[in-house]
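Read the structure below first, then the notes.
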Amino acid sequence: MKSIKTKSIQELKSPGQPIIGAEAVVRCLVAEGANLIYGYPGGAIMPVYDELYKFQDYIHHVLVRHEQGAVHAAQGFARVSGNVGVCMATSGPGATNLVTGIADAMIDSTPLVCITGQVPSHLLGSDAFQETDIIGISTPVTKWSYQVTRAEEIPEILAKAFYIARSGRPGPVLIDITKDAQFASFDYSYKPCRSVRSYKPVPETDLNDLKKAAELINSAKKPLIVWGQGVILGKAEEEFKAFVEQSGIPAAWTILGASALATEHPLNVGMVGMHGNYAPNLLTNECDLLIAIGMRFDDRVTGDLNTYAKQAKIIHFEIDPAEVNKNVTVDVAVMGDVKNTLAAITPMVESQAYKDWLHRFDELDKIEFDKVIDTELNPTKPGLTMGEVIKAINASSGGDAAIVTDVGQHQMIACRYAEFTTSKSNITSGGLGTMGFALPAALGAKMGAPEREVVAVIGDGGFQMNIQELGTIFQTQAAVKIVILNNDFLGMVRQWQQLFFDKRYASTEMVNPDFVQIAKGYFIEAKRVDNREDMNAAVEEMMRSDKPYLLEVCVEKENNVFPMIPSGASVSDIRLE
């Protein structure tokens, strides 16, 4: 990516000279430090694109091949960088193509500002060409949305958009701008937003709640921490690690929380959830205290709520009041920014050993290793497993890579077996489960952290949902490493069909194209492997490349991901086979 100027652009405007709304949009982006955006031009947003052309030294625009690719790329950028991602599209189908990614960002708390063009204000409601009520469509899946009809509104509304997107519990904001507002002139000035009336992004922390939580922690005999993405979003990794180490309490993670604490940390006991690790899932229903930190008790984590941790006292560290007592009733809710609340409670916590309790985790880990993990990572059968591919990536990256996954079996395998030494390293579609997420998100992640190795791990089904973004990767030359784990099936659906629908594989077997030739058509280096003898060398060759690279690995067609908690079952019903 070419270097972008960071100095002020105010000198480019003569004092007292009015500017049009489209230029104001660009200036607002620069003022917010948003010098990288993803988008696709069209008629209703063309005035803004004309201004982007004039300000190429200040903002780098990435032309994606589909608007869904733009929003997923912005998500990947935001997730790995911690900054607000920005995407842009025209009205009608351009705007509606953003909606899936916006919904994904909403449920995964990803800060985005999405800008769409709209037909002129006098045509609103007339079913004009490419007119769609994007505010009505997007309101349920945005943190805030607003339609600008006057140029004078642009600076204030965009400042507010960035503030709302990044503050408190982050999320996506959509700003729709009519074409006449883009053309109209006004006297521009920009003031960053610091507050919004009636919006309180961070609730106050009650000292009594901290004391109550500390008392429960200090009296517990079998406590368990379950942490989520809130630790990462709150930039509280160091405070969290200090809390874990001071308390001596075993800590398990949700998928989106992965990488906040290094995989190899002695108190990291693995992943909870439907395909999580045996010990933390099973022992959720044996602990006497459950400490939930920055997680929302998603159904994939809790299973049957009627049986979830009923024996335990529950403490919930949370920034969003709407999440407290929503799914699970808690005994103490510690509200506030987790970076501050963890720092406040750590000195109150007594250091304990929990030797017998930790030994229980070790016992169950051994059972899982013997029945599941060893077979997946060290297979003796001829066919390749997904797990051994992830193992090879770990060996090459040393756990430093950012792993971007799509949705399906490969996602669960990667989340289970990828090793992480650095935070913001597990980029995936968690709550919405959006196939097609990984390829554009990996592009955004690489551009958000160009110094890091970014590996996209994708199934053959999800890869084809946004396969066109290979063109964007080629054009940008972002050195994304793409690994297709190809089992010629929609693997997760097939697994459910095998286990719960008597192997009736209805519409899940894939007849795939030649992925290597397709990649080469985009001038991206590519290779296919289908045997163990060549796999490690192929992964190493891919990782050494300083250019985009696609590696297709043909894996066993009917391997399943275990452990598994059947949908709606108790976490105690976790199956190892």
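Residue indices begin at 1 and follow the sequence shown.
- Applying the salt bridge (Lys or Arg N to Asp or Glu O under 4.0 Å) test to every pair with at least one member in residues 315-329, sequence neighbours left out, gives these pairs: R169-D320, R169-E323, E323-K326.
- Remark: the backbone N or O of Y53 is paired with a side-chain donor or acceptor of Q56 at under 3.5 angstrom.
- Nearest heavy atoms, Y199 versus I164: OH-O, 3.8 Å.
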Carefully, step by step, assess K424 and E237 under the rule side chain to side chain contact (heavy atoms under 4.5 Å, CB included). CA-CA 10 Å; K424 300 184 182 71; E237 293 91 343; 3.9 Å; yes
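- Put simply, the side chain of E152 never gets that close to the backbone of F186: no donor and acceptor are under 3.5 Å apart.
- Under the 3.5 Å distance criterion, with hydrogens and angles disregarded, no donor-acceptor pair is assigned to the side chains of R296 and T254.
- Under the rule for a side chain to side chain contact (heavy atoms under 4.5 Å, CB included), the partners of P192 that lie at least two apart in sequence or sit in another chain are Y190, R194.
- What you find for G21 and A151 is that their closest heavy atoms are CA-CB, 4.1 Å.
- In terms of the side chain to side chain donor-acceptor pair (under 3.5 Å) criterion, residue partners of K54 (sequence neighbours excluded) are, by chain and number, E51.
- Here the side chain of N466 pairs no donor or acceptor atom with the backbone of G69 at under 3.5 angstrom.
- Here the side chain of E23 pairs no donor or acceptor atom with the backbone of Q182 at under 3.5 angstrom.
- No donor-acceptor contact under 3.5 angstrom links the side chains of N426 and S259, judged on distance only.
- Applying the side-chain hydrogen bond (donor to acceptor under 3.5 Å, both in side chains) definition to pairs two or more places apart or across chains, those involving residues 90-100 are E67-N97.
- Side chains of Y146 and E153: a donor-acceptor N/O pair is present below 3.5 angstrom, by distance only.
- Pairing each heavy atom of T205 with each of G336, the nearest pair is OG1-CA, 3.7 Å.
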Assess the residue pair M335 and D209 against the criterion (side chain to side chain contact (heavy atoms under 4.5 Å, CB included)); give the C-alpha distance rounded to whole Å, side-chain angles, the decisive distance to 0.1 Å, and a yes or no. CA-CA 8 Å; M335 304 305 301; D209 291 333; 5.7 Å; no
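- Closest of all the heavy-atom pairs between Q75 and D104 is NE2-OD1, 2.8 Å.
- Checking side-chain atoms of R79 against main-chain N and O of I427 turns up no donor-acceptor pair under 3.5 Å.
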Please walk me through it: do V86 and L36 pass side chain to side chain contact (heavy atoms under 4.5 Å, CB included)? CA-CA 7 Å; V86 181; L36 176 63; over 6 Å; no
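- Side-chain atoms of K235 never come within 3.5 Å of backbone atoms of K339 as a donor-acceptor pair (strictly under, hydrogens ignored).
- A distance-only check finds no donor-acceptor pair linking the side chain of R65 to the backbone of L470 [under 3.5 Å].
- Residues passing the ring-ring contact (aromatic ring centres under 6.0 Å, His included) test with H72 are F437, sequence neighbours excluded.
- Q477 places a side-chain N or O within 3.5 Å of a backbone atom of F474 that can act as its donor or acceptor partner.
- The closest donor-acceptor contact from the side chain of S81 to the backbone of G448 lies at 3.5 Å or more, if one exists at all.
- Atoms CZ and CG, on F55 and D50 in that order, are 10.5 Å from each other to the nearest 0.5 Å.
- Classification of the F297-Y308 ring pair by plane angle, with boundaries at 30° and 60°, yields perpendicular.
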Go through V113 and E32 one step at a time and tell me if the side chain to side chain contact (heavy atoms under 4.5 Å, CB included) criterion holds. CA-CA 11 Å; V113 169; E32 287 290 344; over 6 Å; no
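- Within a 6.0 Å sphere centred on CZ of F129, other residues, nucleotides and ligands contribute 12 heavy atoms or fewer.
- Taking the side chain as every heavy atom from C-beta outward, W496 and V493 never approach each other to under 4.5 Å.
- The stretch residues 466-486 participates, sequence neighbours left out, in these salt bridge (Lys or Arg N to Asp or Glu O under 4.0 Å) pairs: E453-K481.
- Remark: the backbone N or O of V480 is not paired with any side-chain donor or acceptor of K446 at under 3.5 angstrom.
- T178 and D180 share a side-chain donor-acceptor pair at under 3.5 Å.
- With no hydrogens or angles considered, no side-chain donor-acceptor pair links T472 and Y38 at under 3.5 Å.
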